[in-house]
Student: 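So that we are looking at the same thing, I have put the structure below in structure tokens.
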Amino acid sequence: MSESDFGEQLRLAEALIFASATPTGARQLTQLLADGVDVEAVIAALRDRYAGRGIEIVTVAGGWQFRTAPDIAPRLRRVIQVPRRLPRVAMETLAIIAYHQPVTRPEIEEIRGAALSQTTLDSLLEADLVAPKGRKETPGRPTLWGTTPQFLAQFGLPDLRSLPPRGDLLVDAPPIHPPAEPPPDEFPPSPVSC
Amino acid sequence: MSESDFGEQLRLAEALIFASATPTGARQLTQLLADGVDVEAVIAALRDRYAGRGIEIVTVAGGWQFRTAPDIAPRLRRVIQVPRRLPRVAMETLAIIAYHQPVTRPEIEEIRGAALSQTTLDSLLEADLVAPKGRKETPGRPTLWGTTPQFLAQFGLPDLRSLPPRGDLLVDAPPIHPPAEPPPDEFPPSPVSC
Amino acid sequence: MSDGAVSDGLVLHLDGFEGPLDLLLELARGQKLDLGKISIVALVDQYLAVIEGARKIKLELAADWLVMAAWLAWLKSRLLLPTGSEAAEEGEAAADVLAARLRDLQAMRAASHWLGGQSQLGQDVFARGAPEDLVDTDRSRLALDLTGLLRAYLTALRRGGSRQSYRPKPLTIWTVKDALGRLGRLLGSLPDWSSLQDFLPDSVGTQTERRAALASTLLAGLELARDGGLRLRQEQAFGPILLRRELPPALPQEVANDV
């Protein structure tokens, strides 16, 4: 095979490996290249051609593939921040804790009218949005929950008094259950110092 | 900049353009490369490097992209599955949208003098070649159609200005009337940049 | 829609055309003349001949073909009028519009052809089949906004509220029952006449609540008086109401003054 013919085989192999969505195997190359062309020799020549360049040919399961040179890859890597949203249940729980703190888990459940899973509470704890604030001196001494400074930071609030008053939210005043003791009718309920 | 430093910039640019699924723009390259590096010079050097090879750098859809050399397409098609080409009606509709955008469906039908089937519009939408570009503020508020960046990418156009001017298209068919007085529905309303 | 089909005229298959304009364009090109010097009248004649021929073959012909035929017949009649007349100018303007539309379609045909001749991605040239995703997504941060928090709070309250049975707000009014209890407790320790006001609870706040408490206490006093537990007395209308524990029946002289 003449040198120019071999060059043409290199072009073909290069293009196929480039365009393939999956690693290119020897069988595919054989199918593409002229009869009698040594596939290994073509790959070796291509490997030489890309030596020290931004991209290189690597042998992976099932064939050959182009890859970014390992020393360059980290420099090309970009980190994109895609903030997560809190699940609905967690958001509701967080809101109740924010407005009713310090509040116990049974109280949260009563306000929401639904059970509160440990997972939900854990996710809020993990995100450092709520924290235990002592215990309520009632039978069982349940933990009282309140919001954290991180909560204020996340919502861009200077302090808890900056939460819109409950009265502004509840024009139609849905029945808020009165706890056993007289409810803190005015809001915010004793802003816990953070 | 020393020669070896420039070589390193070439490697970086090569790797970034090579890795990307979509054309890489000048802004992305500038962000990656060292301060003061002439992006155009880097591209020119890369272009030289790939001249006559199986893959080459093309200027397309507002950026640069590696693509296989057109001359080896017939050989590659034997081993790479290619989708079916667009039917003639779809190509004509696409051309009308490209030159008249933003354009409504009734306007397309007026130009072609024939109804536009849903299948045709669907096939263009599915191929991501056209997209809705707002609505025309006329009775019924019909949707306006325009081409997408994918249209440029698919037909290897750097931008919409690279479409041949309408006058050039009609060299075989000079205007029926002296162009002194433009006919009422004059053409083309300057291809909108994508 | 080959040239052959057009020149045969009568055996034309209109189905092959994308509408009357498509056929007109094909006929115009079939004149093999400079498109700029094409005769609209000749074009109209050809079109009408084709349509007539087609109607002989299949009587059903789509409306748009016939509408175009009618319009072209009208156009021809105008074009044949002597130049200068208003109707003739009308015809020329209409011919201009037709010519422009044909030119537009011709241009778009050419554009379509040009596009088709481009090296198409995925057909003639190929981009990288396995692009590398060098983007890391950091999802560690939370997207929180106050609106979401408030919405969640209202949702929670509505749900919680809907599941609760209605409980009326506890009354802060001083009831007759409350007053009876208090009177019973305090009366024994007051041997002489005392004002009704003295029996009001200490904690009653607003004026309304105070007046309600006064009424309750009066009612409670009347109740006890009926049972013989105490006596009530008022010296004048709107004057202070006094009450005292009922003394042993040995001293009945004040009964006349009792309320």
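Here is the naming used below: chain letters follow the sequence lines, and residue numbers restart at 1 for every chain.
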Student: Do B:R85 and C:D124 sit within salt-bridge range, that is, some charged N less than 4.0 Å from a carboxylate O?
Tutor: yes
Student: Taking non-hydrogen atoms and a cut-off under 4.5 angstrom, which of residues 66-74 of chain C neighbour chain B?
Tutor: none
Student: For the residue pair C:L115 and B:L163, what are the closest heavy atoms and their distance?
Tutor: CD2-CD2, 4.2 Å
Student: As a quick check of understanding, evaluate side-chain contact (heavy atoms from CB on, under 4.5 Å) for B:V82 and C:F126, giving each step before the final call.
Tutor: CA-CA 10 Å; B:V82 298; C:F126 302 90; 3.7 Å; yes
Student: Side-chain contact, heavy-atom cut-off 4.5 Å: C:M108 with B:E92?
Tutor: no
Student: Quick one: closest heavy-atom pair of C:S119 and B:P70, and the distance?
Tutor: OG-CB, 3.7 Å
Student: More than 12 heavy atoms of other residues, nucleotides or ligands under 6.0 Å from CZ of B:R27: yes or no?
Tutor: no
Student: Is there a donor-acceptor pair under 3.5 Å between the side chain of C:Q120 and the backbone N or O of B:F155?
Tutor: no
Student: Identify the two heavy atoms, one from B:L169 and one from C:A111, that lie closest to each other, and give their separation to 0.1 Å.
Tutor: CD1-CB, 3.6 Å
Student: Using heavy-atom distances under 4.5 Å, tell me whether B:I55 contacts chain C through its side chain, its backbone, both, or neither.
Tutor: neither
Student: Would B:R112 and C:L21 count as a side-chain contact (heavy atoms from CB on, under 4.5 Å) here? Give the steps.
Tutor: CA-CA 7 Å; B:R112 290 193 63 236; C:L21 211 57; over 6 Å; no
Student: Quick one: CD1 on B:I96 to CZ on C:R109, what's the gap to the nearest 0.5 Å?
Tutor: 8.5 Å
Student: Examine whether an atom of B:L157 lies under 4.5 Å from a heavy atom of chain C, and if so say whether it belongs to the side chain, the backbone or both; otherwise answer neither.
Tutor: side chain
Student: Using side-chain contact (heavy atoms from CB on, under 4.5 Å), reason through B:V60 and C:L121 one step at a time and then give a plain yes or no.
Tutor: CA-CA 11 Å; B:V60 75; C:L121 187 64; over 6 Å; no
Student: One pair to check against side-chain contact (heavy atoms from CB on, under 4.5 Å): C:R101 and B:E110. What are the steps and the verdict?
Tutor: CA-CA 9 Å; C:R101 287 189 66 186; B:E110 163 106 21; 3.7 Å; yes
Student: Specify the closest pair of heavy atoms between C:W114 and B:S162, including all atoms of both residues, with the distance to one decimal.
Tutor: CH2-O, 4.0 Å
Student: Could you tell me whether B:R47 atom CZ has more than 12 heavy atoms of other residues or ligands within 6.0 Å of it?
Tutor: yes
Student: Indicate the atoms forming the closest heavy-atom contact of C:P20 with B:G113, along with that distance.
Tutor: CD-O, 3.9 Å
Student: Can you tell if the side chain of B:M91 reaches within under 4.5 Å of the side chain of C:H113, non-hydrogen atoms only?
Tutor: no
Student: Tell me whether the count of non-hydrogen atoms from other residues, nucleotides or ligands lying under 6.0 Å of CZ in B:R84 goes above 12.
Tutor: no
Student: I want to check something: taking the side chain as every heavy atom from C-beta on, are C:Q123 and B:P83 in contact at a cut-off of under 4.5 Å?
Tutor: yes
Student: Below 4.5 Å from any heavy atom of chain C, which atoms of B:L76 appear? Answer side chain, backbone, both or neither.
Tutor: side chain
Student: With sequence neighbours left out, write down each residue that passes ring pair (Phe, Tyr, Trp, His ring centres under 6.0 Å) with B:F66, or none if nothing qualifies.
Tutor: B:F18, B:Y50
